[in-house]
Amino acid sequence: MKKPLLAAFCLFLGVFVFAQAPKNVILLLNIGQSNAVGRAQPDPRNEIPPTPGTYWFKKSTNTLEPLIDGIGEDISHATERSMNPMLGKRIKELTGYDVIIVPAAVGNTFISAWQREENALYARAKQIWQAAINYCNTHNITVVNKYAHWLQGENDAGGTETDGYYVMLNDLVNDLVSDMGVEKVFATRIGYDPQYTSSANSEKIMKAQKILNYNHPNFILSSVAPPTFTYANGKMSSDLTHHTLLGLNQVAEEVASAIQLYRSTGGKPVLTENVASLQSVTSGEINLTPNWSFGFNNTLDEANGNVIIKPTHRSWINPGSATYTNEGYVIRPNTGLATSRSFTSNVFTLEMRFKMNTPEAWTAVLGRGRSGDKNKFVLYHNTTTSTVHIEFGTRDEVFAWDVSNINMSSLHTMKLTQANGVLRLFIDGTKIGDDKPSTAPFTMSMIGMGAESHTTDMDGVINSFSIRNTVDNNSTLPLKFKSFKATNIK
């Protein structure tokens with residue numbers, strides 16, 4: 001009879017302990033893709049029982065639940081096992097504070113899906129995070145620290161260069177800090193993804209994370225273990241994409257250790273590489289200014305040197321083989337190009353030199369290129385009136401111009417500038433139409449020619465493109481660039 005009584009007492013004690021509301025907690029937002037959600041199979045040898053004082057926030061019921069799998073809801077639900085029980089356990093053991101994890105990761109996502117500007121995943125994570133903070137405020141729970149853990153990157157390997165991932169991750173960290181009130185963002189370096197790409201492509205993402213660790217005071221690369229994870233050592237599942245529970249637990253322990261290292265010393269785990277060795281990528285270094293610029297000189301190397309993504313079947317657009325003439329990059333039906341450099345500003349100069357080879361076509365799609373007319377530039381040649389209809393959409397509004405006496409079968413330079421509440425259009429150096437009242441920012445994370453179009457018969461050539469967060473109503477296109485340096489990032 002003693003064993004059943006003891007078991008019953010332990011169960012009662014466990015319920016009693018979890019029934020006690022925490023008073024002082026570390027609040028942790030766990031975001032990223034599937035390995036952050038948890039896709040490990042059951043593994044009794046590595047499963048962690050619920051640790052008293054560790055919880056996860058369940059938004060649908062506005063409650064705290066014991067930190068035991070399955071954790072999360074709907075698209076953030078851990079289908080089997082996750083790192084969260086070990087993560088909460090080790091943070092509790094190392095810091096002495098109770099822990100509340102806010103699960104908001106979503107599997108199979110690109111980093112562009114986590115950018116703040118008009119993005120559902122970011123907004124959803126913010127809603128869950130804010131609900132957890134409100135819960136603490138209304139239940140007299142003191143939040144000692146607010147942290148985030150980021151684990152994502154496999155999807156972007158092979159589709160994003162180092163600098164592009166760097167810029168987007170830097171933007172995300174800045175938004176988590178300034179918009180969500182997170183104090184520090186701890187991150188797990190991604191592992192190789194041989195099912196979709198080579199280790200060299202994965203290394204581009206890893207380098208971006210490491211450089212940001214050096215340059216951004218609020219970003220801490222807490223785990224560098226995943227490159228050692230293999231199926232043979234039991235840390236990677238047979239699909240060679242998802243971590244096993246053994247691997248996830250190792251990541252969790254390293255993240256918890258990095259949190260405690262920061263709390264006790266203000267420092268970060270030491271990386272073996274220095275910044276100089278990491279920046280020697282993509283034919284140059286990392287450009288941290290919010291500007292895009294590229295030009296062509298008949299060679300693929302010239303385009304690649306100017307940091308253009310080479311999209312794959314996993315990217316938003318598949319341009320096929322690149323073709324160049326003495327005029328530039330050839331755009332054919334339903335093909336195009338994309339870059340990975342993000343840009344958001346309410347002051348800008350956007351300049352592009354291009355031509356179209358068919359008279360009836362939506363020729364250029366800039367900005368997010370997803371749907372609607374916002375954050376886009378489109379152009380249509382009306383054969384009935386022999387005019388060119390131009391539309392440009394900022395975040396909030398779409399503006400239009402009708403231009404006659406322009407033959408788009410030859411190269412023309414179009415430039416849009418916005419500053420002091422005024423948006424202007426220039427064609428070949430001449431201002432077109434009236435000034436438009438506009439103060440909203442224009443946001444870009446990609447460029448496409450011939451994608452998201454209204455017809456399938458368009459083609460043309462893009463000769464050069466630039467966008468910068470300054471206004472220039474006079475000068476010609478900027479010079480092409482080849483190398484960049486990571487400085488002044490905060």
Side-chain angles (χ1 to χ4, degrees), residues 29 31-33 36 109-119 121-122 125-126 147-153 155-157 159-190 202-224 258 262 268-269 271 273-276 278-282 284-293 307 309 338-346 348 368 441-446 467-469 481 483-490:
L29 176 68
I31 57 174
Q33 56 193 92
T109 52
F110 294 81
I111 191 172
S112 60
W114 291 95
Q115 300 298 285
R116 176 185 177 186
E117 189 70 25
E118 298 184 20
N119 191 273
L121 291 187
Y122 179 92
K126 182 179 179 180
Y147 300 139
H149 171 242
W150 169 256
L151 172 52
Q152 185 276 343
N155 275 43
D156 288 288
T160 305
E161 300 295 336
T162 298
D163 73 315
Y165 190 92
Y166 182 106
V167 172
M168 284 188 276
L169 182 57
N170 176 69
D171 288 346
L172 176 61
V173 172
N174 286 338
D175 288 334
L176 289 172
V177 173
S178 64
D179 184 50
M180 289 201 200
V182 168
E183 298 170 40
K184 299 290 175 182
V185 179
F186 297 85
T188 295
R189 174 182 166 184
I190 67 163
S202 296
E203 193 64 32
K204 295 176 182 179
I205 307 304
M206 297 178 190
K207 285 182 178 181
Q209 295 172 336
K210 289 179 180 180
I211 296 170
L212 192 63
N213 180 75
Y214 277 111
N215 291 333
H216 202 305
N218 294 321
F219 180 79
I220 299 176
L221 190 55
S222 52
S223 174
V224 295
Y262 164 72
K268 304 180 182 184
L271 301 180
E273 304 96 332
N274 58 35
V275 173
L278 291 168
Q279 287 186 156
S280 181
V281 294
T282 57
E285 296 177 338
I286 306 304
N287 180 14
L288 303 185
T289 60
N291 300 276
W292 290 3
S293 182
V307 200
I309 290 183
T339 82
S340 59
R341 188 176 308 291
S342 58
F343 178 93
T344 298
S345 180
N346 60 358
F348 55 82
R368 294 205 169 272
F442 179 64
T443 298
M444 289 187 65
S445 60
M446 58 193 66
I467 185 167
R468 49 200 184 275
N469 62 342
F481 60 76
S483 64
F484 322 95
K485 187 172 180 57
T487 55
N488 301 323
I489 190 66
K490 293 292 185 289

Distance-minimising heavy-atom pair for Ala36 and Leu151: N-CD2, 3.8 Å
Between Asp179 and Arg116, what is the shortest heavy-atom contact and its length? OD1-NH2, 3.2 Å
Less than 4.5 Å apart, any side-chain heavy atom of Asn174 and any of His216? yes
Say whether, by atom type as modelled, one donor and one acceptor occur between the side chain of Gln33 and the main chain of Gly153 under 3.5 angstrom. yes
Report the distance from atom CG of Asn170 to atom CG of Asn218, rounding to the nearest 0.5 Å. 10.5 Å
Sequence neighbours excluded, which residues qualify as salt bridge (Lys or Arg N to Asp or Glu O under 4.0 Å) partners of Lys268? none
Using a 4.5 Å cut-off on heavy atoms from C-beta on, say whether the side chain of Leu176 contacts that of Ile31. yes
Taken to the nearest 0.5 Å, the spacing of Lys126 NZ from Leu29 CG works out to 12.5 Å
Which residues satisfy the salt bridge (Lys or Arg N to Asp or Glu O under 4.0 Å) test with Glu183, sequence neighbours excluded? none
With side chains defined as the heavy atoms from C-beta onward, is the minimum distance between Leu172 and Tyr122 less than 4.5 Å? yes
Treating Lys210 as the side-chain partner and Asn274 as the backbone partner, does any N or O pair qualify as donor plus acceptor under 3.5 Å? no
Any side-chain heavy atom of Lys207 within less than 4.5 Å of one from Tyr166? no
How long is the gap from CH2 on Trp114 to CG on Asp175, to the nearest 0.5 Å? 13.0 Å
Identify the two heavy atoms, one from Ser222 and one from Phe186, that lie closest to each other, and give their separation to 0.1 Å. OG-CB, 3.9 Å
For Leu271 and Tyr214: C-alpha separation, side-chain torsions, deciding distance, then whether side-chain contact (heavy atoms from CB on, under 4.5 Å) applies. CA-CA 9 Å; Leu271 301 180; Tyr214 277 111; 3.8 Å; yes
Under 4.5 Å between any side-chain heavy atoms of Pro269 and Ile220, yes or no? yes
Counting distance only, does the side-chain N/O of Gln115 pair as donor-acceptor with the main-chain N or O of Asp171 below 3.5 Å? no
